[in-house]
Number of protein chains: 2
Amino acid sequence: MDIDKAISALNNPIRRQILIWLKDRSNFPPALPEHADLDGVCVAYIQEKAALSQSTISTYMSLLKDAGLVLSARHGQWTFYRRNEEAIAATLKKLSEDLQ
Amino acid sequence: MDIDKAISALNNPIRRQILIWLKDRSNFPPALPEHADLDGVCVAYIQEKAALSQSTISTYMSLLKDAGLVLSARHGQWTFYRRNEEAIAATLKKLSEDLQ
DNA sequence: TCCATAAATCGAGATATCGCGATATACCGC
DNA sequence: GCGGTATATCGCGATATCTCGATTTATGGA
């Protein structure tokens, strides 16, 4: 876990908001029937919610993934992103232990 | 509490390290006798420990202060900085509540 | 094979942050 | 007032981040 990368990824209100939205799948439109059993949310839905460009959101999701805070899975043309709960918890724990 | 400012201030390993050092006064040289009863550490001691220029450390301390994470008190020519425990705890709590 | 769709990558201009040396300000003791 | 010390501020070049539109890559369907 790279705390520097993680804090850097968190140092943006929209990226933090994305992590918050991802806590609850119902923040996004319902999944297509063929994706009903898959975990995570596709880039297009996140983009729509965040109201930033496709390229920006794709970059943001890569950043979050690079920091370990989300996991991704490709299914056909879609990439589904979901929270990495362990990494998020570990990051918050490390920050608290360091600073508290 | 401005979480954006706080995370931004924390988004630097040396500023985080300073907050960690400030947990324990003994990380710095002993206070001058005439400062024995004062709380906090002067800029010069922090600078020496961090091994960055005086202007950089002064700016860093201003940033941390602006974010509310430290408090400052001027005594004569010296400015003494100390942790703002409540603000640090509140920042970590907010981050955890938002993201966890 | 072609076309359409989803996502990733590229290139760029605008803005922010980093860290410095130089300078300014504030305060002290003489 | 003057010189010295501690800190703050200024100006700057270097680097990083932000966000975009355009392009590329990957995939699926007709």
Side-chain angles (χ1 to χ4, degrees), chain A residues 2-18 22 28-35 38-67 69-82, chain B residues 2-18 22 28-35 38-67 69-82:
Chain A
D2 182 335
I3 192 74
D4 251 295
K5 256 191 191 171
I7 296 180
S8 199
L10 294 176
N11 189 28
N12 175 291
I14 295 176
R15 286 195 295 266
R16 288 198 304 278
Q17 186 60 67
I18 290 172
L22 285 176
F28 301 94
L32 299 177
E34 64 266 36
H35 297 149
L38 299 176
D39 212 2
V41 178
C42 69
V43 173
Y45 284 3
I46 299 171
Q47 186 206 334
E48 187 187 352
K49 190 95 179 163
L52 288 175
S53 74
Q54 186 268 324
S55 67
T56 297
I57 296 302
S58 179
T59 304
Y60 278 14
M61 297 317 295
S62 289
L63 250 170
L64 288 168
K65 185 172 138 78
D66 241 51
L69 300 172
V70 299
L71 300 168
S72 73
R74 202 166 230 258
H75 291 282
Q77 313 165 252
W78 290 272
T79 304
F80 295 86
Y81 285 98
R82 66 186 192 278
Chain B
D2 183 334
I3 191 76
D4 251 295
K5 256 191 193 171
I7 296 180
S8 200
L10 294 176
N11 189 28
N12 176 291
I14 295 175
R15 286 194 297 266
R16 288 198 304 279
Q17 187 59 66
I18 290 172
L22 286 176
F28 302 94
L32 299 177
E34 63 267 37
H35 298 147
L38 298 175
D39 212 1
V41 178
C42 69
V43 173
Y45 284 3
I46 300 171
Q47 187 208 334
E48 188 188 352
K49 190 94 180 164
L52 289 175
S53 73
Q54 186 270 324
S55 68
T56 296
I57 296 302
S58 179
T59 304
Y60 278 13
M61 297 318 293
S62 289
L63 249 170
L64 288 168
K65 186 171 138 78
D66 241 51
L69 300 172
V70 300
L71 300 168
S72 72
R74 204 167 231 257
H75 292 281
Q77 317 165 247
W78 291 272
T79 305
F80 295 87
Y81 286 97
R82 64 186 192 278

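Letters A, B, ... are given to chains in the order of the sequence lines, protein chains preceding strands, and every chain is numbered from 1. Bear in mind that the values here come from a model prediction, so they are computed numbers and not experimental data.
- Following rounding to the nearest Å, His75(B) (NE2) and dC27(C) (P) show an atom-to-atom distance of 13 Å.
- Between the CD atom of Glu48(B) and the P atom of dT7(D) there is a distance of 12 Å, given to the nearest Å.
- At a threshold of 4.0 angstrom between heavy atoms, the contacts of Tyr81(B) are confined to the sugar-phosphate backbone, with no base atom among them.
- The base of dT7(D) lies outside donor-acceptor range of the side chain of Gln77(B), with no N or O pair under 3.5 Å.
- Of the candidate nucleotides dT7(D), dC18(D), dC18(C), dC18(C) has the atom nearest to the side chain of Leu63(B).
- Within the 4.5 Å cutoff, the side chain of Leu38(A) has no heavy atoms near those of the Trp78(A) side chain.
- Rounding to whole angstrom units, CG of residue Leu32(A) and C1' of dT5(C) are separated by 12 Å.
- Here the shortest heavy-atom pairing between Met61(A) and Ile46(A) reads CE-CD1, 3.9 Å.
- Put simply, Thr79(B) has a side-chain N or O that comes within less than 4.0 Å of OP1 or OP2 on dA8(D).
- Remark: P of dA6(C) and OH of Tyr45(A) are 9 Å apart, rounded to the nearest angstrom.
- Glu48(A) has its side chain within reach of Pro29(A): a pair of non-hydrogen atoms, C-beta onward, lies under 4.5 Å apart.
- Considering only side-chain N and O atoms, Ser58(A) lies under 4.0 angstrom from the phosphate OP1 or OP2 of dA8(C).
- Between Ile18(A) and Val70(A) there is no side-chain heavy-atom pair separated by less than 4.5 Å.
- Side chains of Arg16(B) and Asp4(A) form a contact here, defined as non-hydrogen atoms less than 4.5 Å apart.
- In this structure, the CD atom of Gln54(A) is 11 Å from the P atom of dT9(C), given to the nearest Å.
- Remark: Asp39(A) pairs with Arg82(A) by the side chain to side chain contact (heavy atoms under 4.5 Å, CB included) rule, at least two apart or across chains.
- Distance NZ (Lys65(B)) to C1' (dA8(D)): 12 Å, rounded to an integer number of Å.
- A side-chain donor-acceptor contact under 3.5 Å links Arg74(A) to the backbone of Gly76(A).
- The CH2-C1' distance, from Trp78(B) to dT7(D), rounds to 11 Å in whole Å.
- The nearest whole Å value for the distance from the CE atom in Met61(A) to the C1' atom in dA6(C) is 14 Å.
- Using a 4.0 Å heavy-atom distance criterion, Thr56(A) is classed as a base contact.
- If you check every strand for non-hydrogen atoms under 4.0 Å, Ser55(B) touches a base.
- Of the residues in residues 3-18 of chain B, those placing a heavy atom less than 4.0 Å from an atom of DNA chain C are Ser8(B), Asn11(B), Asn12(B), Arg15(B), in numerical order.
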